[in-house]
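Following: one structure in structure tokens, then a few remarks.
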Amino acid sequence: ELLALRDTGNCLRDPITGGSVLVIGAKAAEKLTGLTAGQLKDPLRTMGQLPGLRLIPYNAVGSRGFLLGLKLPKVKIGSWQGSHVVAFAPVGLEGNVQALIGGTV
């Protein structure tokens, strides 16, 4: 269970499905996947280390690149439940927030 914040400026989309992407911080990503922050910082090198990983392109002020992502079959956000793409940030998120969601679910 993670505390997620709806980020209205988060327009991150999965290039395969076009759907919104839930972004989780490095500590939560490591618990979920076993991937370390170092591995998350080098997504191109880490791609083959976990079945189903995909690259999620991002473009933010002053930086752009890729986050590793994975489509999870069972995600619950509020009252919504279903499969959803989760991207893994190589750093922690601010404060008590462990995840960011944008768009509509």
Side-chain angles (χ1 to χ4, degrees):
E1 189 170 301
L2 302 173
L3 177 62
L5 176 70
R6 180 172 298 279
D7 180 0
T8 57
N10 176 356
C11 300
L12 198 60
R13 293 276 190 222
D14 173 34
I16 297 171
T17 66
S20 64
V21 174
L22 176 69
V23 179
I24 66 174
K27 285 183 183 179
E30 185 170 7
K31 286 181 184 178
L32 182 65
T33 66
L35 296 173
T36 66
Q39 290 172 304
L40 298 176
K41 288 179 184 175
D42 194 353
L44 296 176
R45 182 170 286 182
T46 305
M47 271 297 290
Q49 297 186 20
L50 190 67
L53 282 177
R54 58 177 78 175
L55 293 174
I56 308 294
Y58 73 89
N59 192 2
V61 176
S63 67
R64 62 180 168 175
F66 295 99
L67 297 175
L68 286 171
L70 188 62
K71 187 168 187 175
L72 299 178
K74 203 172 183 182
V75 174
K76 183 177 180 185
I77 303 170
S79 61
W80 178 89
Q81 187 171 330
S83 66
H84 202 71
V85 175
V86 176
F88 310 117
V91 296
L93 302 175
E94 294 290 322
N96 293 332
V97 175
Q98 299 154 316
L100 298 173
I101 186 72
T104 58
V105 177

Distance-only criterion, 3.5 Å: show the donor-acceptor pairs between side-chain atoms of residues 58-71 and protein atoms not counting sequence neighbours.
none

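Sorted pairs that involve residues 72-89 and meet salt bridge (charged side-chain N to carboxylate O under 4.0 Å, His left out), not counting sequence neighbours, are lacking altogether.
Looking at residues two or more places apart in sequence or on another chain, you find a side chain to side chain contact (heavy atoms under 4.5 Å, CB included) between Ala89 and Val23. Scanning for salt bridge (charged side-chain N to carboxylate O under 4.0 Å, His left out) contacts around Arg45 gives Asp42, with sequence neighbours left out. Residues passing the side chain to side chain contact (heavy atoms under 4.5 Å, CB included) test with Glu30 are Thr36, sequence neighbours excluded. Remark: Thr17 engages Asp14 in a side chain to side chain donor-acceptor pair (under 3.5 Å) (not counting sequence neighbours).
Met47 approaches Leu53 most closely through the heavy-atom pair CE-O, 3.3 Å. What you find for Arg13 and Gly18 is that their closest heavy atoms are CD-O, 2.9 Å. When all heavy atoms of Ala87 and Ile56 are compared, the closest pair comes out as CB-CG1, 4.3 Å. In this structure, Leu40 and Ala26 approach most closely via the heavy-atom pair CD1-CA, 4.1 Å.
Placement of Ile24 and Val91 in two distinct hydrophobic clusters is found when ILVMFWY residues are connected by side-chain heavy-atom separations under 4.5 Å, directly or transitively. When the side chains of ILVMFWY residues are joined at heavy-atom separations under 4.5 Å, either directly or via intervening members, Ile16 and Leu55 end up in two distinct hydrophobic clusters.
Note: Phe88 CZ to Leu50 CG = 7.5 Å, rounded to the nearest 0.5 Å.
Within the 3.5 Å criterion, the main-chain N or O of Gly19 finds no donor-acceptor partner in the side chain of His84.
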